[in-house]
Amino acid sequence: MEVAILSDIHSNLHALRAVLAECERRKIPRFCCLGDIVGYGAHPAECLKLVRSLKCPTVIGNHDFYAACGKWGDDLSDLAQAGVEYSIRKLTRAARQWLGDLPEVFTADTFTLVHASLHDPLSWEYIVSSEQARPSLLLQETPLCFYGHTHRPKLFVGGGSPPEMLAEGKFQFRRDGRYLINPGSVGQPRGEGDPRAQFVIFNPAELAVQFVKVEYDVQGAASAILAAGLPPYLADRLLAGV
């Protein structure tokens, strides 16, 4: 019954493999992906191949979008642009086409998937405050909506009661409520100074969510970034977890 919700893998093969190994250990066979499979890291093609092999519901992230179409705005940082350009060089035309064909939003019976916001999915808005979460919460048609983009685990409550805490990092939600949940980032966690890969385990039958962090070979991922000729700060950021 359980599903692993993955987001913001960002070409970090070391982290993705560690997360999949942890899911195998926990006997979790199903997955969902909130986008940004590529960008920043050294292994976009390998990460994309692994995600495709999961045959899971996947929505498009902004880095996926840029890599697919080869275009981006002036607001894209130099670091992000370097990662996108590298991803384009490493991906086949068919792989880029697959990314470009991903939906903006995926909706199931009790949950919704989106990379950034439901309000305007392709504007790539960041949701880090209750005020920014409100438009998406108002648009939700399912109790839970999983989103990514900020790389930071987060939980916002709209209508209904707050979730019940079942254990440290584990919550149960009400079917008559509205909840917006960010699982954090598999491949580039930020903000906490913790380099471990992040994801959540979701039980659709019980509407329960557990936030999980997994150790992985961060030094190996950082070394791969340097060997690929990507900006050194992308490696430093992984090591620092910021």
Side-chain angles (χ1 to χ4, degrees), residues 5-12 32-41 44 47-48 51 56-88 91 95-108 111-159 178-191 198-200 231 234 237 242:
I5 311 289
L6 315 181
S7 188
D8 296 280
I9 296 163
H10 281 301
S11 306
N12 188 334
C32 292
C33 180
L34 304 180
D36 272 3
I37 301 165
V38 304
Y40 291 131
C47 287
L48 182 53
V51 171
C56 65
T58 302
V59 293
I60 193 167
N62 55 313
H63 289 252
D64 304 325
F65 181 88
Y66 303 144
C69 70
K71 299 177 182 179
W72 47 84
D74 294 337
D75 58 337
L76 191 68
S77 71
D78 291 342
L79 290 171
Q81 182 174 328
V84 170
E85 290 174 340
Y86 177 83
S87 295
I88 290 172
L91 295 174
R96 291 176 62 196
Q97 181 68 51
W98 186 86
L99 284 174
D101 289 341
L102 289 172
E104 301 168 22
V105 179
F106 174 88
T107 304
F111 67 97
T112 303
L113 311 177
V114 69
H115 180 67
S117 74
L118 290 176
H119 174 248
D120 189 358
L122 295 186
S123 69
W124 315 120
E125 298 173 353
Y126 287 92
I127 299 177
V128 295
S129 69
S130 297
E131 182 178 353
Q132 292 165 335
R134 181 174 172 78
S136 289
L137 287 165
L138 291 173
L139 288 171
Q140 273 183 234
E141 297 179 353
T142 58
L144 274 59
C145 177
F146 295 98
Y147 77 102
H149 197 41
T150 69
H151 298 205
R152 301 182 181 191
K154 202 74 175 176
L155 168 61
F156 294 102
V157 180
R178 291 294 181 266
Y179 310 94
L180 196 58
I181 303 164
N182 191 318
S185 171
V186 169
Q188 199 184 76
R190 295 179 186 168
Q198 305 165 340
F199 70 105
V200 300
L234 294 176
R237 168 178 272 182
V242 297

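Here the structure is a predicted model, which is why all the values come from computation and not from measurement.
Using bins of under 30°, 30° to 60° and over 60° for the plane-to-plane angle, the ring pair W72/Y66 lands in the perpendicular bin.
Between the side chain of N182 and the backbone N or O of G148 there is at least one donor-acceptor pair closer than 3.5 Å. Panel note: side chain D8, backbone D36; no donor-acceptor pair is recorded below 3.5 Å. For the pair H10 (side chain) and V38 (backbone), a donor-acceptor distance under 3.5 Å is present.
Between A133 and L180, the shortest heavy-atom distance links the atoms CB-CD2, 3.8 Å. Residues F106 and V59 approach most closely at N-CG1, 3.6 Å, considering heavy atoms. Counting all heavy atoms, side chain and backbone alike, A80 lies closest to L76 at CB-CD1, 3.5 Å. Across every non-hydrogen atom of F111 and C32, the tightest pair is CE1-SG, 4.0 Å. Annotation for T150 and Y147: closest pair CG2-CE1, 4.4 Å, computed over non-hydrogen atoms. Across every non-hydrogen atom of G184 and Q198, the tightest pair is CA-OE1, 3.2 Å.
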Test side chain to side chain contact (heavy atoms under 4.5 Å, CB included) applied to S87 and S11, step by step: CA-CA 8 Å; S87 295; S11 306; 4.1 Å; yes
- request: Apply side chain to side chain contact (heavy atoms under 4.5 Å, CB included) to the pair V84 and Y86, showing each step before the final yes or no.
  value: CA-CA 5 Å; V84 170; Y86 177 83; over 6 Å; no
- prompt: Step by step, would you call C33 with I9 a side chain to side chain contact (heavy atoms under 4.5 Å, CB included)?
  reply: CA-CA 9 Å; C33 180; I9 296 163; 4.2 Å; yes
message: Assess the residue pair Q132 and F156 against the criterion (side chain to side chain contact (heavy atoms under 4.5 Å, CB included)); give the C-alpha distance rounded to whole Å, side-chain angles, the decisive distance to 0.1 Å, and a yes or no.
response: CA-CA 10 Å; Q132 292 165 335; F156 294 102; over 6 Å; no
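Across T58, D64, N62, a single residue satisfies side-chain contact (heavy atoms from CB on, under 4.5 Å) together with I60, and that is D64.
Rounded to the nearest 0.5 angstrom, I88 CD1 and C69 SG are separated by 7.5 Å. Residue I37 holds its CD1 atom at 13.5 Å from CG of N12, rounded to the nearest 0.5 Å. Note: Y179 OH to L144 CG = 8.0 Å, rounded to the nearest 0.5 Å. Rounding to the nearest 0.5 angstrom, the gap separating the CZ atom in R134 from the CD1 atom in I127 is 13.5 Å.
A search for side-chain hydrogen bond (donor to acceptor under 3.5 Å, both in side chains) contacts involving Q188 returns R190, not counting sequence neighbours. Shown here are the side-chain contact (heavy atoms from CB on, under 4.5 Å) partners of P183, two or more places apart in sequence or in another chain: I5, S7, L34, V200. Among residues two or more places apart in sequence or in another chain, the side-chain contact (heavy atoms from CB on, under 4.5 Å) test is passed with T142 by T107, T112. In this view, A95 and L48, L91, T92 satisfy the side-chain contact (heavy atoms from CB on, under 4.5 Å) rule, not counting sequence neighbours. Legend: residues meeting ring-ring contact (aromatic ring centres under 6.0 Å, His included) with H149, ordered by chain and number and at least two apart, are H115, Y126.
Pairs engaging residues 95-104 under the side-chain hydrogen bond (donor to acceptor under 3.5 Å, both in side chains) rule: Q97-D101 [sequence neighbours left out].
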